[in-house]
Amino acid sequence: QVQLVESGGGLVQAGGSLRLSCAASGSIFSGNVMGWYRQAPGKQRELVATITGGGSTNYGYSVKGRFTISRDNVKNTVYLQMNSLKPEDTAVYYCKVALFWGQGTQVTVSS
């Protein structure tokens with residue numbers, strides 16, 4: 001079993017930055033893919049970014065060049081640095097490790 005605790009969401013003005021963290025505990029392996037997804041009201045959950053145990057990253061088209069995913073395999077934590085935030089980035093952001101999901105953290109970007 002895996003437990004995921006997310007933090008770092010909040011309210012920010014357009015153009016601002018936020019950093020999300022997701023601390024994992026339980027049966028975590030350094031090879032597990034870790035990632036972030038988001039879901040806006042009335043929309044499907046979508047990929048934001050993923051990172052493999054070796055550090056290879058993949059980003060959703062809408063966040064490329066603005067968001068950066070990273071991980072600390074010692075702390076079993078994945079981070080999402082979000083810069084140049086836009087109102088359309090407003091969503092609940094979910095951490096995912098292997099097949100397990102976090103509870104989500106709200107990010108709201110005001111115009």
Beyond-backbone contact of W101 with V2, side-chain heavy atoms, under 4.5 angstrom: no

Show, in sequence, the C-alpha distance, side-chain angles and deciding distance for Q81 and S17, and conclude whether the side-chain contact (heavy atoms from CB on, under 4.5 Å) test is met. CA-CA 7 Å; Q81 178 66 44; S17 299; 4.0 Å; yes

According to a 4.5 Å side-chain heavy-atom criterion applied to Ile, Leu, Val, Met, Phe, Trp and Tyr, with indirect links allowed, do [X] and [Y] form part of one hydrophobic cluster?
{"X": "V48", "Y": "F100", "result": "yes"}
{"X": "F67", "Y": "V12", "result": "yes"}
{"X": "L80", "Y": "L47", "result": "no"}
{"X": "Y37", "Y": "M34", "result": "no"}

Nearest 0.5 Å please: distance from the CD atom of Q13 over to the OG atom of S111. 9.5 Å

Kindly compute the distance separating NZ (K96) from CG (N32), expressed to the nearest 0.5 Å. 11.5 Å

Please identify each residue that fulfils side chain to side chain donor-acceptor pair (under 3.5 Å) with R19, with sequence neighbours left out. none

Of all residues at least two apart in sequence or in a different chain, which pass the side chain to side chain donor-acceptor pair (under 3.5 Å) check with E88? none

Could you give me the CA-CA distance, side-chain angles and deciding distance for W36 and C95, then say whether side-chain contact (heavy atoms from CB on, under 4.5 Å) is met? CA-CA 5 Å; W36 291 94; C95 171; 4.0 Å; yes

Contacts satisfying side chain to side chain donor-acceptor pair (under 3.5 Å) that involve residues 52-62 (not counting sequence neighbours) are R38-S62

Determine, stepwise, if the pair Q106 / T90 fulfils side-chain contact (heavy atoms from CB on, under 4.5 Å). CA-CA 8 Å; Q106 177 70 45; T90 295; 4.0 Å; yes

Hey, is the main chain of G104 close enough, under 3.5 Å, to the side chain of E6 for a donor-acceptor pair? yes

Could you tell me which residues satisfy side chain to side chain contact (heavy atoms under 4.5 Å, CB included) with Q3, sequence neighbours excluded, listed by chain and number? Q1, S25

Going by side chain to side chain contact (heavy atoms under 4.5 Å, CB included), name the residues that satisfy it together with V107, two or more places apart in sequence or in a different chain. L18, L20, M82, Y93, V109

Out of the candidates D72, I51, I69, only one should pair with Y79 under the side-chain contact (heavy atoms from CB on, under 4.5 Å) rule; please name it. D72

With sequence neighbours left out, write down each residue that passes salt bridge (charged side-chain N to carboxylate O under 4.0 Å, His left out) with R66, or none if nothing qualifies. D89

